[in-house]
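Remarks on the structure that follows.
All chains are named by letter (A, B, ...) in the order of the sequence lines, taking the proteins before the strands, and each is independently numbered beginning at 1.
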2 protein chains.
Amino acid sequence: MIRVTNLSKIYQTGSIEVRALLNISLEVVTGEFVAIMGPSGSGKSTLMNVLGCLDRPTSGCYQLDNLAVSTLDDKELATIRNRKIGFVFQTFNLLGRTSAVANVEVPLMYGGVNRKARRQRALEALAKVGLSPRAFHKPNELSGGERQRVAIARAIVSNPAIILADEPTGALDTKSGTEVMAILEGLHQQGLTIIVVTHDREIANHTQRIYHFRDGEIQYIEEVKNR
Amino acid sequence: MIRVTNLSKIYQTGSIEVRALLNISLEVVTGEFVAIMGPSGSGKSTLMNVLGCLDRPTSGCYQLDNLAVSTLDDKELATIRNRKIGFVFQTFNLLGRTSAVANVEVPLMYGGVNRKARRQRALEALAKVGLSPRAFHKPNELSGGERQRVAIARAIVSNPAIILADEPTGALDTKSGTEVMAILEGLHQQGLTIIVVTHDREIANHTQRIYHFRDGEIQYIEEVKNR
Ligand SMILES: Nc1ncnc2c1ncn2[C@@H]1O[C@H](COP(=O)(O)OP(=O)(O)OP(=O)(O)O)[C@@H](O)[C@H]1O
Ligand SMILES: Nc1ncnc2c1ncn2[C@@H]1O[C@H](COP(=O)(O)OP(=O)(O)OP(=O)(O)O)[C@@H](O)[C@H]1O
Ligand SMILES: [Mg+2]
Ligand SMILES: [Mg+2]
């Protein structure tokens, strides 16, 4: 499970301080499906980067399954990240010079999966997001929504315990967005813990609880009814 | 005005042909505000790139203010692009190593605007999109929505005759998205021609006409009522 206590993140740009997160505390129990909403610049991606072990907080504590993440060195952090977490980045972050399928295979390389099996699993993940005809295109040969779906396929291919999705439907039309949510709900039913950042109320309505952010703080927590 | 006649764009990836646009014909009169909607991969960005003189069609004709764009060489194309068109890219396309304000200044360098005036106008454009406190941040020091707003500021700073906005609110919360549409509507009232690609019906409702795309073709054209 995920437990954050008094977490802060302050960026220093020259003499200017940006307080991206201010004393954040929250708890997500294993198997829950929650959402994070809030205005542009309110700290959502910053929190996701800390939860995804991609960034360290300035102060406060992050426990992942009772492991105090803040005490780990970079190598241990990378191991946790690659084994437990599937991350959909807000800006996709695909490798520009390799095909969609090669991009999706990347998380499987840490798990020591052999070459033939990696290719097969990556193709299956791409099929799930409707991208089989585009498997061998490079990112600059894909539409915006197609790149986003490659990023989603990459996040789910290794069957991680936790999925952190930072605005996974931002570049998608309604139909594709609904299909992506169906994939996430299917994974949730298999027992995965899922945290999704979204600007779309429709998307948030698929979850159990919504954290509303404002200016680096949690303004209020909403239990989702009528799901 | 913008007139496209029998426009096609076919991508060749090895032996595979992707028909991104198939015999597209449309006309946008000077001063109109129109939208393009359609599923992921239906050809919207491809059309925008042709309209923005960033890409050439495989066949067909594109006339911009009675100038046959297809007959121009790359240098002439670049001149038209820099003088007449402000472009908001779906993936922002900011220069990673320079600040937000320097990014916004770029279109003004083609117009021979002096250094002091460039800085002032760029800061005004950033103020319009609510980003004054972030003017000196680099793109990787900005949130997703902030980067999108820098891209919008850059598209409007040189007061171009035409604005092509490819999903300008995709990374924005509802409030920021509404503010961006207010900016575009203000420019429209000043006489600018605006074409916006969007997945959001709310956004499209602000325009006069919507082109619905599917599989590289215009499926139908909708006149927007009750604006
Ligand atoms: N350079 C390229 N080479 C091959 N195929 C390409 C290339 N660029 C785009 N495509 C394909 O052309 C089709 C149309 O792409 P386009 O970017 O116009 O879609 P779109 O309507 O903007 O989609 P989205 O809503 O996802 O942004 C897509 O299926 C894409 O895979
Ligand atoms: N490396 C950095 N240095 C300085 N400031 C930063 C840095 N990264 C982010 N920020 C600032 O921290 C604030 C929070 O950023 P964050 O990316 O978490 O916002 P967000 O809630 O994800 O916004 P959006 O909805 O626009 O994606 C923003 O105002 C941003 O300008
Ligand atoms: Mg963000
Ligand atoms: Mg597109």
Between B/Ser176, B/Gly177, B/Ala20, B/Ser143, which shows the greatest number of heavy-atom pairs under 4.5 Å with chain A?
B/Ser143
May I ask you to say whether B/Glu17 pairs ionically with B/Arg19, meaning some side-chain N is under 4.0 Å from a carboxylate O?
yes
If one checks every heavy atom of A/Glu141 against chain B at 4.5 Å, the contacting part turns out to be side chain
Sort B/Glu167 into side chain, backbone, both or neither according to what part of it lies under 4.5 angstrom from a heavy atom of chain A.
side chain
How long is the span from the CG atom in B/Leu22 to the CD1 atom in B/Ile10, to the nearest 0.5 Å?
7.0 Å
Rounded to the nearest 0.5 Å, how far apart are CG of A/Asp200 and CG of B/Asp173?
12.0 Å
Using heavy atoms and a sub-4.5 Å threshold, report which of residues 118-138 of chain A line up against chain B, by residue number.
A/Arg134, A/His137
Which residues in residues 91-104 of chain A have a heavy atom less than 4.5 Å from any heavy atom of chain B?
A/Thr91
At what distance, to the nearest 0.5 angstrom, does OG1 of A/Thr193 lie from CZ of A/Phe33?
11.0 Å
Neighbour count above 12 (heavy atom, 6.0 Å) for B/Glu202 CD
no
Between B/Gln219 and B/Arg214, is there a donor-acceptor pair closer than 3.5 Å when you use the side chain of the first and the backbone of the second?
no
Whether B/Asp74 and B/Arg56 form a salt bridge (side-chain N of Lys/Arg under 4.0 Å from carboxylate O of Asp/Glu) is what I want to check.
yes
CD1 on A/Ile80 to CD1 on A/Ile162, rounded to 0.5 Å
9.5 Å
Is any residue of residues 37-52 of chain A within less than 4.5 Å of chain B by heavy atoms, and which ones?
A/Gly38, A/Pro39, A/Ser40, A/Gly41
Dump the intermediate steps for ring pair (Phe, Tyr, Trp, His ring centres under 6.0 Å) on A/Phe89 and A/Phe87, then the final yes or no.
CA-CA 6 Å; A/Phe89 291 86; A/Phe87 205 113; 4.5 Å; yes
Without swapping roles, check the side chain of B/Thr198 against the backbone of B/Ala204 for a donor-acceptor pair under 3.5 Å.
no
How many angstroms lie between atom NZ of A/Lys225 and atom CD of A/Gln208, to the nearest 0.5 angstrom?
13.0 Å
Would you please name every residue forming a side-chain hydrogen bond (donor to acceptor under 3.5 Å, both in side chains) with B/Asp55, sequence neighbours left out?
B/Lys9
Interface moiety of B/Arg147 toward chain A, non-hydrogen atoms closer than 4.5 Å
side chain
Side-chain heavy atoms of A/Phe213 within contact of A/Ile24, under 4.5 Å
yes
For the CD1 atom of A/Ile36 and the CZ atom of A/Arg209, what is their distance to the nearest 0.5 Å?
10.5 Å
Indicate yes or no for a side-chain donor-acceptor contact from A/Ser158 to the backbone of A/Leu108 under 3.5 Å, with no hydrogens or angles considered.
no
